[in-house]
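Below is one structure, written out as structure tokens; the observations come after it.
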Amino acid sequence: MSHTGTTSDRLTCAPSRAVRELGLKRGEFDLAVNLGLIRTVPDEGGGGPRVALAEIDRLRSGDGFPHALRDRVATVGTTEGAKIMEVAPTRFTSLARYGLLIPVKFYLNRYRAVVWLYLAEELRQFAAEGCHARLLTARRTPSEIRDALKAGMDRRPRNWRGRHIGFLTRQAGDDPWARAAAVACLLDQADVADVVRDPRERSRLARRRPRLPSHGAPGSPAAELAETLMTASEPDEVAWFRADLAHTMETARRHHPVADALSPKPSAGPERLVPPPAPSAGPDPLAPPPAPAADRPAPTNLTPSHGLLSWLRRTHRRPADEPGRTASPPAGPLTDEFPDAPGSAPEETGPRRRSCSVRRRRSAASP
């Protein structure tokens with residue numbers, strides 16, 4: 001009897017089942033994982049993260065389950081957040097733009113306006129701290145905040161990126177390449193290429209790139225706006241991410257060099273033609289012995305191929321009385337000129353070139 005499941009599958013479950021077991025919505029579950037409230041384990045089969053059954057039992061046995069867990073991942077917008085902090089929505093927006101309130105999520109409404117969401121639990125803690133009483137109860141917003149907002153300051157996108165990089169690095173665990181990919185996903189591709197020069201390393205980072213929140217269809221105006229919000233833009237922020245990427249890449253190269261897994265095997269160079277074996281010094285037993293010329297002794301250094309070609313030349317001579325032809329010269333050293341087949345016309349249209357051997361014999365015969 002074969003078993004298709006593994007021990008890990010019997011001890012863990014998929015996120016969809018964990019959502020039902022914990023009584024959460026999928027967005028609440030994902031946020032709880034990002035915040036570290038729910039611990040996950042990697043799938044041995046290469047899939048997404050899984051939740052151990054023991055972790056579900058731990059959460060279910062906690063005090064106030066499930067309301068306590070849901071309260072910790074509850075998010076609110078500007079209007080509800082202002083009610084929690086007992087301030088006007090304009091004061092709440094001013095504090096958020098100045099960077100005192102850090103968003104945890106965002107989405108785009110039907111008008112493609114950005115709606116920032118905050119953890120309700122954090123807003124309660126902010127309002128309960130005595131050092132923030134002046135910010136909440138003063139008649140007017142402090143002058144330093146007013147001046148910064150007039151200059152166009154809005155730190156909400158930057159604070160979201162800073163918080164989200166913490167989520168991604170927590171999910172990456174001890175894998176140095178996953179941590180480097182988490183930093184690279186919030187940088188512009190030009191900055192990544194400038195820091196990581198090796199295309200093989202960039203390819204490996206792309207494969208380990210974590211999944212960012214999706215907003216709209218790919219290529220839509222909403223998706224492009226969301227991508228702009230999720231990409232570092234301020235000069236000091238870009239410099240910080242570039243330095244962090246360079247540091248994490250040094251760690252990744254030291255522990256798991258990309259050349260060990262991705263570098264191609266050294267090429268043997270262009271294919272070389274193997275020279276044929278050298279012919280033997282003896283005569284070819286299948287070729288008839290060449291007849292010596294009348295005016296000089298027969299050559300003795302002919303190779304087997306020379307003897308075969310000489311024999312073919314003698315056997316395919318044309319008669320001397322053929323019109324327009326003369327008798328073939330006596331057999332001598334081979335040239336690059338081969339006799340035509342019997343009964344066929346020569347292919348060239350111009351005058352035939354005399355071989356070097358014919359010219360040498362005629363020049364030697366002249367006084």
Side-chain angles (χ1 to χ4, degrees), residues 24-37 64 67-168 186 212-216 221-234 236-237 240:
L24 300 174
K25 297 178 181 179
R26 184 55 191 259
E28 295 174 338
F29 173 82
D30 294 338
L31 182 56
V33 172
N34 290 336
L35 295 173
L37 302 178
H67 302 289
L69 180 60
R70 300 192 65 175
D71 290 343
R72 297 186 66 180
V73 296
T75 57
V76 294
T78 300
T79 303
E80 295 180 1
K83 291 180 180 179
I84 292 175
M85 300 179 63
E86 298 180 356
V87 296
T90 54
R91 176 70 61 89
F92 183 93
T93 303
S94 298
L95 297 177
R97 291 181 59 188
Y98 192 70
L100 298 177
L101 305 177
I102 302 177
V104 70
K105 295 173 61 177
F106 74 90
Y107 69 92
L108 305 178
N109 61 13
R110 67 179 67 182
Y111 306 106
R112 291 203 295 273
V114 183
V115 179
W116 298 99
L117 299 177
Y118 308 84
L119 284 174
E121 183 181 25
E122 290 184 352
L123 299 181
R124 296 189 188 96
Q125 294 175 359
F126 186 91
E129 294 179 1
C131 58
H132 299 150
R134 176 173 171 266
L135 297 174
L136 303 178
T137 60
R139 184 174 180 180
R140 297 189 62 184
T141 306
S143 58
E144 60 270 17
I145 297 180
R146 293 199 309 267
D147 296 341
L149 297 181
K150 288 180 181 179
M153 175 181 288
D154 189 357
R155 291 179 175 173
R156 290 174 294 183
R158 176 172 180 167
N159 285 342
W160 179 89
R161 291 190 292 265
R163 187 167 204 164
H164 200 70
I165 191 63
F167 295 162
L168 297 178
L186 298 179
L212 293 175
S214 59
H215 302 272
E224 294 178 356
L225 176 58
E227 184 178 359
T228 302
L229 295 174
M230 292 185 291
T231 304
S233 56
E234 300 181 14
D236 58 336
E237 181 191 12
W240 185 88

Quiz prompt | Pro142 versus Leu135, closest heavy-atom pair with distance | solution = CG-CD2, 3.7 Å

Exercise. Any chance you could lay out the side-chain contact (heavy atoms from CB on, under 4.5 Å) test for Thr93 and Arg156, step after step, and finish with the verdict?
Key: CA-CA 10 Å; Thr93 303; Arg156 290 174 294 183; 4.2 Å; yes

Exercise. For Val114 and Leu108, run side-chain contact (heavy atoms from CB on, under 4.5 Å): C-alpha distance rounded to whole Å, both residues' side-chain angles, the deciding distance at 0.1 Å, then the answer.
Key: CA-CA 5 Å; Val114 183; Leu108 305 178; 3.6 Å; yes

Exercise. Please indicate whether Glu227 has more than 12 foreign heavy atoms, meaning atoms of other residues, nucleotides or ligands, lying under 6.0 Å from its CD.
Key: no

Quiz item: Rounded to the nearest 0.5 Å, how far does CG of Leu117 lie from CD of Glu80?
Solution: 9.5 Å

Quiz item: Any donor and acceptor pair, going by atom type alone, linking the side chain of Arg91 with main-chain N or O of Ala138 inside 3.5 Å?
Solution: yes

Quiz item: Which pair of heavy atoms, one from Arg97 and one from Met153, lies closest together, and at what distance?
Solution: NH2-O, 3.2 Å

Quiz item: Mind checking whether His164 and Phe167 have parallel, tilted or perpendicular rings, split at 30° and 60°?
Solution: perpendicular

Quiz item: Heavy-atom count around Arg72 CZ within 6.0 Å, excluding the residue itself: above 12?
Solution: no

Practice problem: Applying side-chain hydrogen bond (donor to acceptor under 3.5 Å, both in side chains), name anything that partners Asn159, two or more places apart in sequence or on another chain. | Solution: none

Self-check item: Under 3.5 Å: donor-acceptor pair, side chain of Arg146, backbone of Thr141
Solution: yes

Exercise. Could you give me the CA-CA distance, side-chain angles and deciding distance for Leu35 and Leu119, then say whether side-chain contact (heavy atoms from CB on, under 4.5 Å) is met?
Key: CA-CA 11 Å; Leu35 295 173; Leu119 284 174; 4.0 Å; yes

Quiz prompt | Residues, nucleotides or ligands: over 12 heavy atoms within 6.0 Å of Glu86 CD | solution = no

Quiz prompt | Considering all heavy atoms, the nearest His215-Phe106 contact | solution = CE1-O, 3.1 Å

Self-check item: Distance in Å, Leu24 CG paired with Leu69 CG, rounded so as to fall on 0.5 Å steps
Solution: 5.0 Å

Quiz item: Between CG of Leu229 and CG of Leu212, what distance do you get to the nearest 0.5 Å?
Solution: 12.0 Å

Practice problem: Specify the closest pair of heavy atoms between Leu136 and Ala127, including all atoms of both residues, with the distance to one decimal. | Solution: CD1-CA, 3.8 Å

Exercise. Hey, could you give me the CG/NE2 distance between Leu100 and His132, rounded to the nearest 0.5 Å?
Key: 7.0 Å

Quiz item: At what distance, to the nearest 0.5 angstrom, does CD of Glu237 lie from CZ of Arg155?
Solution: 11.0 Å

Exercise. Flag the pair Tyr118 / Phe126 as yes when their ring centroid distance falls below 6.0 Å, and as no otherwise.
Key: no

Exercise. Check each of Lys105, Arg26, Lys25 against Leu31 using the side chain to side chain contact (heavy atoms under 4.5 Å, CB included) test, and report the only one that passes.
Key: Lys105

Practice problem: Would you sort out whether Asp71 and Glu121 count as a side-chain contact (heavy atoms from CB on, under 4.5 Å), showing the intermediate values? | Solution: CA-CA 7 Å; Asp71 290 343; Glu121 183 181 25; over 6 Å; no

Practice problem: Give a yes or no answer on whether the side chain of Arg124 reaches the backbone of Ile84 with a donor-acceptor pair at less than 3.5 Å. | Solution: no

Quiz item: Say you draw a straight line from NZ of Lys150 to CD1 of Ile145; how long is it, rounded to the nearest 0.5 Å?
Solution: 13.0 Å

Self-check item: Shortest non-hydrogen contact between Pro89 and Thr78, atoms and distance
Solution: O-CG2, 3.9 Å

Practice problem: Measure across Ser233 and Arg161 and return the closest heavy-atom pair with its distance rounded to 0.1 Å. | Solution: OG-NH2, 3.8 Å

